[in-house]
Amino acid sequence: MLLGANLNVLLSARKDMPFTPGTKMKQLQWDKLPQQQVGKTLWNNEEPQKEQEMLMKLQADGIWTEMEEDFKAKQLMINLMARQKQAELKSVLDPQTKKRVEILIQRIKKLQPEEIARKIQQFDQEMCTELFLSELKPVLPTPEQVGKLNVYRNAEPEELAGLHPSDRLMVKLIQIDRLDPRIEGMLYKCKFEETWLLLDDGARKVGEAGEALLHAKHFKELLNLILMIGNYMNGTGIKGGAFGFRVSSINKLVDTKSVNNTTLLHFLERTVAKHFPDMEEYLEELSKPAEAYRVNIQDIRKDLGELRDGLKRIRQELNDHYTDIAQNDGYSRQMWSFVGKASSKLEDLVDDVNHADTTFTEVVRYYGEDDKNLTSTEFFAIFKTFVTSYRKCKNDNQTAAEEKMATEKRKQAMAETRLLRQNAQETGPQEEDNAVLDNLLEKLRNGDTVGRRTRRTRPKADARAPLPLINTAAAEASSAAPADLARDMLARLKADGFGTSMPLSPTAPTPRRRARWRTEVLSENGDSQSEHASPVVSLRDLPSTPDIPADPESTMDTS
């Protein structure tokens with residue numbers, strides 16, 4: 001390998017040229033001498049200054065431009081012919097293959113079929129993607145098509161220009177040595193990294209899931225609780241007295257229904273939440289087993305075998321046909337380097353798969369299942385199903401508890417409402433009036449202003465009902481009664497605590513108007529009207545205090 005690399009470096013050495021053509025020109029077919037052999041021949045450049053002067057003279061005289069004009073004519077003719085209608089172009093491919101190859105060419109814009117073939121030979125990483133190679137592989141020329149295309153293997157560019165682009169690409173491809181194995185190896189390399197990552201991730205998930213189940217402390221406690229509940233329910237029957245059960249039986253708890261249409265799993269969740277809250281940490285222990293149910297360890301082993309076989313074929317192909325790295329063959333250089341790296345990564349993947357397989361077999365037996373008839377997908381799906389069902393039962397129980405609490409609150413509120421209504425009916429309106437009076441007295445003690453009631457419209461004097469007749473002696477006796485009565489009532493109020501706290505009313509319009517009206521009646525009708533005056537004075541007709549002076553109008557009316 002080292003010798004081949006050094007040889008490639010030597011062969012790739014190039015002489016620097018100060019001038020290069022601006023367009024693609026026809027190639028001079030000669031046999032180059034390696035650089036290490038030039039020193040022993042006439043090509044040993046002993047006068048580099050003279051060579052530089054000659055190159056500058058050719059540039060100044062326009063020789064390079066003249067050469068480009070002379071030797072680009074056929075290339076121009078090829079480009080012009082390539083623009084002909086496709087109906088005029090020749091093709092030996094069947095219509096379906098020609099169309100598929102044409103679509104493949106159109107996806108790589110600005111590249112001619114000859115350039116596409118060159119990039120395939122060099123294994124250009126940018127163009128030779130997995131998608132491109134996957135579409136190219138089915139349309140590679142068959143032996144029959146190769147026989148038809150061989151006619152153009154050594155054709156001149158003018159003749160190739162008359163072929164359909166699909167045929168031109170196929171002609172260049174059949175000139176690549178061992179085309180089919182080369183495409184297989186390139187496609188394998190493009191797929192290897194993604195395939196390796198998928199297999200390694202699957203193997204790790206199975207291994208970690210198995211390790212988690214082997215050390216799941218809280219889940220083992222849950223299984224023991226299920227065993228106790230099951231033995232209690234089964235009693236002395238044939239299903240009772242069990243020492244253990246297959247772990248797949250945990251998903252049968254939902255099959256046992258209670259009288260209120262819940263399941264045994266609902267009962268188990270309530271029991272754990274109320275009496276063994278720490279045991280619920282088993283849900284975290286089953287997170288990795290529940291995630292691993294998508295992985296099938298048998299499929300991983302199968303894919304690993306195919307990956308190893310493919311790498312073995314590539315190594316054999318390189319040993320048989322690419323021991324000497326060619327100067328212009330990028331495929332062999334890339335594939336030799338890839339085989340070394342891929343071999344190391346496959347060894348690591350084999351270790352991960354073996355560990356996952358061993359762990360899976362151990363954990364299946366540990367939980368009482370048959371490892372021969374149970375795939376990893378089926379086994380880990382047990383825990384995925386149980387975790388999902390348990391969480392649903394937990395939500396159901398929480399919802400039922402919240403509804404029960406809400407119902408109890410509604411019942412309690414209704415009972416309190418009924419009690420209040422019953423008490424209100426028993427106390428009656430008298431207690432309500434007492435409450436209003438107590439409230440009014442409390443405001444008076446605190447010095448708050450008490451709003452006056454809206455006065456009712458009084459009837460006119462002529463429409464008013466006649467007052468009851470009283471004798472003159474009673475009227476004379478009652479002339480001094482209002483003042484005495486007011487003093488007595490005021491004394492009682494002061495004795496009850498109203499002496500200092502009761503606010504003074506700035507005006508007392510109602511008593512003044514009533515006094516004026518009554519005196520006017522007396523002045524107009526004389527003493528005979530006093531027989532109709534009432535000797536009784538109500539509390540609200542009195543002024544707030546005896547210190548408030550009488551209204552001037554009232555004084556004038558009574559004088």
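Given the structure is predicted, the values throughout are model-derived calculations rather than measurements. When reading the values below, keep in mind they use all heavy atoms of this one structure, side chains included, and skip hydrogens, waters and symmetry mates.
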Can you name the side-chain hydrogen bond (donor to acceptor under 3.5 Å, both in side chains) partners of Glu285, sequence neighbours left out? none

Student check: side-chain heavy atoms of Gln121 and Tyr331 closer than 4.5 Å: no

So the salt bridge (charged side-chain N to carboxylate O under 4.0 Å, His left out) pairs with at least one residue in residues 173-187 (sequence neighbours excluded) are Lys137-Glu184, Arg178-Glu317, Arg182-Asp329

Which residues satisfy the salt bridge (Lys or Arg N to Asp or Glu O under 4.0 Å) test with Lys392, sequence neighbours excluded? Asp396

Can you name the side-chain hydrogen bond (donor to acceptor under 3.5 Å, both in side chains) partners of Gln316, sequence neighbours left out? Asp320

Name each donor-acceptor pair under 3.5 Å that joins a side chain in residues 296-312 to protein atoms two or more places apart or in another chain, with its distance.
unit_1: Asn296; atom_1: OD1; unit_2: Gln298; atom_2: N; d: 3.0
unit_1: Arg301; atom_1: NE; unit_2: Asp357; atom_2: OD2; d: 2.7
unit_1: Arg301; atom_1: NH2; unit_2: Asn354; atom_2: OD1; d: 2.6

State which residues pass salt bridge (Lys or Arg N to Asp or Glu O under 4.0 Å) with Lys191; sequence neighbours excluded, sorted by chain then number. none

For residues 222-245, pull every pair meeting salt bridge (charged side-chain N to carboxylate O under 4.0 Å, His left out), keeping only residues two or more places apart or in separate chains. none

Return each pair, listed once, that meets side-chain hydrogen bond (donor to acceptor under 3.5 Å, both in side chains) where at least one residue sits in residues 138-147; pairs must be two or more places apart or across chains. Asp94-Gln145

Determine which pairs satisfy salt bridge (charged side-chain N to carboxylate O under 4.0 Å, His left out) with at least one residue from residues 347-356, sequence neighbours left out, and list them in order. Arg204-Asp352

Report the residues that fulfil side-chain hydrogen bond (donor to acceptor under 3.5 Å, both in side chains) with Glu114, sequence neighbours left out, ordered by chain and then residue number. Arg168

All pairs passing salt bridge (charged side-chain N to carboxylate O under 4.0 Å, His left out) where residues 219-234 contributes a residue, at least two apart: none

Tell me, please, which residues at least two apart from Gln398 pass side-chain hydrogen bond (donor to acceptor under 3.5 Å, both in side chains). none

